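Encoded as structure tokens, the structure appears first; notes follow it.
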Amino acid sequence: MRETTRRQLTATAIVSAPLMWTLVFLFIPYLVMFTYSFYLKKFPTFVPAFEFVNYLTIISDPQYYQVLLRTAKIALTVAVCSFLIAYPLTYFLVFKVKSARLRSILYMAVIVPLWVSYLLRAYTWKTILGNEGILNSFLVWSGILSQPTDIFLYNQFSMVVTLTYIFVPFMVMPLYASLEKIPRSMIEASKDLGVGPLRTFWHVTLPLSMPGVIAGATFTICLTFGDFVAPFLVGGPNGAMIATIIQSQFGAALNWPLGAALSIIMLIIVLTIISVSDRLERAGRIDLN
Amino acid sequence: MSAIVEIQNVTKTYGGKVTAVDDLSLAVEEGEFVTLLGPSGCGKTTTLRMIAGFEIPTRGRIMLAGEDVTDLPPYHRQVNTVFQDYALFPHMTIQENVGYGLRVAGVPKSEVGPKVKDALVRVGLLDKAADRPAMLSGGQKQRVALARALVRQPKVLLLDEPLSALDAKLREAMQVEIKHLHEQLGLTFVFVTHDQREALVMSDRVVVMDQGKIVQSGTPSELYDQPASAYVADFIGNSNKLRGRVVDIQGRQVRVKVLGTEVSGLARQNGISVGDLVLMTVRPEKVQLLVEEEEAGSASLLSGTVLDNLFHGSTCRMEIDMGEGEPFVVDLQLRTALDQANLAAPGSRVRLAIDPATVSVFPDDGAFAS
């Protein structure tokens, strides 16, 4: 009896620190934010209230819901582009690179950029895509363009390029894990049953790697959704995303209630994506022995 | 009878260093049940994988039904494999698994259905058709793997240690089941195992391999009773090993001075001459325990002290100290309760009669030195 009590006390002690941490630095801030989202803006600050005005504004004012839609569109595009780049790369790493040493070196090469400042990597694209950037210089040098063009930078294209570049490792990591988990005998069995490499990929490899695809898509979509550096650096006037708007509400616009409401909506969207992905993952969860 | 699989001087090396299969030639007759037997790393699985097409030989050719398939990919060969880990597709139901090859190859649904059903009936798993592999037991997965490999009516069925993941009882049942399947279908089976008992029970012919080469090929009883080398005698079944010097040779009959007496046996290899050091192997169940003053007759006579009696159910394994070397073991049938009661107790002296026809003599190449 005393033994169990002591064990319970130890267990409580061990979990209490992380629990307190999450409570103080996660749940309480969310609650504060949630409360703010019902407040009213009253120049120069805001007053406590319980009104849905902020949420109504977001739904009815195109300025806001269009940004939401644009953010969703960019997030999806980034996820698709990351998938298209990451899948062949990861497949090559896992199945075609025979040397385990070379494989881990190449894998690290994909992951290493994550250690470089995020801001720096986003900024790099500014110098590549910009008016006097590498791309323009090349196009002018090779005679394709007579003079540099602005079309590469400060639009949705440049944002998708930048964000895809930054988030590709988040697609590669789960894909690598799930492709590596597929027993080679599954692929051999498929070929043994008279099915060629392309169809084997379509019927066996791809379905078995779906957990990785779902995880990678969830990462890239959620990370893009909350990003405000790329729109700030390479997005230009029409590149505003939801996080940019939220930031300005808490900054220049000084409309904390509206910013809070936008944050809550974004939180709901991201949580929905995560729970849908979790459900998909569960439904597709397969026992690879 | 004609050879359906012909392996012609096949060598497989990895990275130019490791030789998995070394200049191996083997012909498998149509309808035969051939087992490749050997310890891990002997090249048996590599050989099977080369027949399946998963590995390409470094040198040599592989013929299937008279056609050179050496460079054909697995999906263009009319052989099917039952994998060690079953390799059932976890995202498909049992019937989808079995019908997979046919379906993807574009066989009409109306034909796939009955074929899959037949295959599942054959392995007794029709009621599991809609289940996922994860819901099946090991033995059931094994049967599904068999059904899936058989549904395409291959020319040869390859089985890569298919029973190694099953527990002893289920393994024995599946051995019989696979053997029956072979008899019913009349198909050629090439089976790989490291379990010599499994090989003896199931096969028409056993090919013993060691270090990428064939050591001996023959029927199970040939291998057991007439091992061609000390390696085979040791690998198949149990053997007592005696070392001594040859004192006399009459044809294949060799008389050897061992343990202070003389034991006769049959030479299994050429090149044994008087004065040579030889290794003799004796099966534990072929030795007779003499009662009281019974005469040995033409048999060789040995004597020793009982160390221990190990009860094995239907038999008893008696360990006997012969004064030197490892204990000599004798398997005694326990037919009646009296047999057990009359067993010589540890510490008592016993005399053993060994029929020369059951003793194999090999040149002593220093292998199995204790």
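The structure displayed is predicted, hence computed values, not measured ones. Sequence lines set the chain letters: A, B, ... in the order given, protein chains first and strands last, and positions in each chain run from 1.
- For residues 190-199 of chain A, heavy-atom neighbours of chain B at less than 4.5 Å comprise Ser190(A), Lys191(A), Asp192(A), Leu193(A), Gly194(A), Val195(A), Gly196(A), Pro197(A), Arg199(A), sorted by residue number.
- Counting non-hydrogen atoms of other residues, nucleotides and ligands closer than 6.0 Å to CE of Met20(A) gives a total of 12 or fewer.
- Listed options Gly101(B), Ala149(B), Pro73(B), Pro154(B) were ranked by heavy-atom pairs under 4.5 angstrom with chain A; first place goes to Gly101(B).
- More than 12 heavy atoms of other residues, nucleotides or ligands sit less than 6.0 Å from atom OH of Tyr14(B).
- Sorted pairs that involve residues 81-93 of chain A and meet salt bridge (charged side-chain N to carboxylate O under 4.0 Å, His left out), not counting sequence neighbours, are lacking altogether.
- If you measure heavy-atom distances from Arg49(B) to chain A, the contacts under 4.5 Å come from the side chain alone.
- With a 6.0 Å radius and a threshold of 12 heavy atoms from other residues, nucleotides or ligands, Arg59(B) has its CZ atom at or below the threshold.
- Between the OG1 atom of Thr81(B) and the CD atom of Glu188(A) there is a distance of 8.5 Å, given to the nearest 0.5 Å.
- Side chains of Phe89(B) and Leu208(A) form no contact here, defined as non-hydrogen atoms less than 4.5 Å apart.
- Applying the side chain to side chain donor-acceptor pair (under 3.5 Å) criterion to Thr218(A), with sequence neighbours excluded, gives Ser277(A).
- For Phe83(B), the part lying under 4.5 angstrom from a heavy atom of chain A is the side chain only.
- Taking non-hydrogen atoms and a 4.5 Å limit, the residue list of residues 83-96 of chain A in contact with chain B is empty.
- The environment of Arg184(A) atom CZ is dense: over 12 non-hydrogen atoms of other residues, nucleotides or ligands sit within 6.0 angstrom.
- When all heavy atoms of Tyr100(B) and Thr200(A) are compared, the pair lying nearest together is OH-CA, 4.1 Å.
- Under the 4.5 Å side-chain criterion, counting only non-hydrogen atoms from C-beta, Met186(A) is in contact with Pro90(B).
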